[in-house]
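For this chain, numbers begin at 1 and follow the sequence in order. Since this is a predicted model, take the numbers as computed values, not measurements.
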Amino acid sequence: MHLPHGTLKQEFVKKWIMGLQRCKFSNKNMSIFERKKAIKLSADTAMASARKGLTCWSRALISNPDRPVPTTTRRASSACKKIVKRSRRIRRTAKCGAARKGQITRSIAQCLVRKRTQILKSLIPGGEFMNEVCLIEETLDYITSLRVQVDVMRSLASASARASEPHN
């Protein structure tokens with residue numbers, strides 16, 4: 001299922017260049033936001049097609065390329081904070097024996113896992129249709145692919161910066 005890191009990077013660059021060539025960046029009226037959106041869309045599509053439909057997330061991106069790929073939101077982090085606060089409140093109010101505390105702890109853990117699984121499903125393209133085991137495997141593959149995307153973009157940015165420096 002996994003391509004070697006270098007091969008995935010080469011495949012991504014090839015597909016991304018093809019996608020960027022298809023974009024119309026020559027339009028002078030295109031705003032920075034529109035350019036950013038077009039670059040991100042072509043990068044996501046290139047990464048998904050580099051995976052050749054072997055993963056659920058890549059098939060989800062290819063089938064619906066206009067779907068915005070979510071980033072970590074304040075809403076997700078505030079939800080986690082609320083869960084922690086709630087669990088502290090429950091612990092303080094629980095004055096029963098050890099068996100009762102074990103049940104409370106277990107229910108808090110189950111609630112945390114359920115909430116975080118829902119957040120993860122919303123972050124991974126196509127994640128809402130996956131079971132927990134598949135979700136973890138797809139998340140690992142998606143993270144690897146995003147890391148490749150970031151590496152390529154960083155290399156491109158540093159090469160561009162070096163090229164624009166004045167030569168002595």
Side-chain angles (χ1 to χ4, degrees), residues 1-25 27 30-87 105-160:
M1 182 181 201
H2 298 284
L3 286 173
H5 194 71
T7 307
L8 182 59
K9 200 179 271 192
Q10 290 171 346
E11 193 68 23
F12 167 69
V13 169
K14 185 173 80 174
K15 304 270 185 189
W16 193 32
I17 289 170
M18 288 172 37
L20 288 173
Q21 288 171 342
R22 289 188 190 129
C23 290
K24 302 289 188 233
F25 290 114
N27 184 355
M30 193 177 227
S31 71
I32 296 290
F33 178 74
E34 291 170 326
R35 286 177 192 247
K36 176 186 163 196
K37 187 176 176 183
I39 290 169
K40 181 65 177 149
L41 179 62
S42 65
D44 287 343
T45 305
M47 185 53 68
S49 62
R51 297 299 293 135
K52 297 178 170 78
L54 296 174
T55 58
C56 294
W57 69 262
S58 64
R59 289 190 298 271
L61 274 179
I62 290 169
S63 68
N64 190 6
D66 292 330
R67 173 195 181 267
V69 178
T71 56
T72 314
T73 61
R74 288 189 179 150
R75 197 177 100 227
S77 65
S78 68
C80 291
K81 287 177 186 176
K82 285 179 186 177
I83 292 169
V84 171
K85 283 182 184 177
R86 199 176 317 132
S87 68
T105 304
R106 193 173 359 248
S107 69
I108 291 169
Q110 288 171 344
C111 183
L112 281 170
V113 169
R114 195 171 28 256
K115 294 262 187 194
R116 290 186 178 164
T117 301
Q118 285 306 113
I119 291 169
L120 188 58
K121 283 184 174 192
S122 71
L123 293 173
I124 305 300
E128 58 273 4
F129 305 112
M130 297 177 203
N131 64 31
E132 285 77 15
V133 174
C134 185
L135 181 65
I136 297 298
E137 291 172 353
E138 292 285 325
T139 301
L140 292 172
D141 188 74
Y142 188 57
I143 289 169
T144 302
S145 298
L146 289 174
R147 189 169 288 147
V148 165
Q149 211 180 59
V150 168
D151 289 347
V152 168
M153 289 180 176
R154 276 190 182 144
S155 298
L156 185 64
S158 67
S160 175

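- Ser155 contributes a side-chain N or O that, together with a main-chain N or O of Asp151, makes up a donor-acceptor pair within less than 3.5 Å.
- For the pair Met130 and Pro125, the tightest heavy-atom approach, listed with the atom from each and the gap, is CE-O, 3.8 Å.
- Side-chain N or O atoms of Thr45 include none that pairs as donor or acceptor with a backbone N or O of Ser42 at under 3.5 Å.
- Across all non-hydrogen atoms, the minimal contact from Ala48 to Trp57 is CA-CZ3, 4.1 Å.
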Any chance you could lay out the side-chain contact (heavy atoms from CB on, under 4.5 Å) test for Leu123 and Ile119, step after step, and finish with the verdict?
CA-CA 6 Å; Leu123 293 173; Ile119 291 169; 4.2 Å; yes
Hey, mind stepping through Met47 and Leu8 against side-chain contact (heavy atoms from CB on, under 4.5 Å) and telling me if it holds?
CA-CA 8 Å; Met47 185 53 68; Leu8 182 59; 4.2 Å; yes
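- Not counting sequence neighbours, the partners of Met153 by the side-chain contact (heavy atoms from CB on, under 4.5 Å) test are Trp16, Ala43, Gln149.
- Checked against side-chain contact (heavy atoms from CB on, under 4.5 Å), Val13 has the following partners two or more places apart in sequence or in another chain: Ile17, Val152.
- Side chain of Glu34 to backbone of Ser31: a donor-acceptor contact under 3.5 angstrom is found.
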Which is it for Arg51 and Ser145 under the side-chain contact (heavy atoms from CB on, under 4.5 Å) test, yes or no, and what are the steps along the way?
CA-CA 9 Å; Arg51 297 299 293 135; Ser145 298; 3.7 Å; yes
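- Scored by the side-chain hydrogen bond (donor to acceptor under 3.5 Å, both in side chains) test, Ser58 finds Thr55 as partners (sequence neighbours excluded).
- Residues forming a side-chain contact (heavy atoms from CB on, under 4.5 Å) with Thr117 (at least two apart in sequence, or on another chain): Val113, Lys121, Glu132, Leu135.
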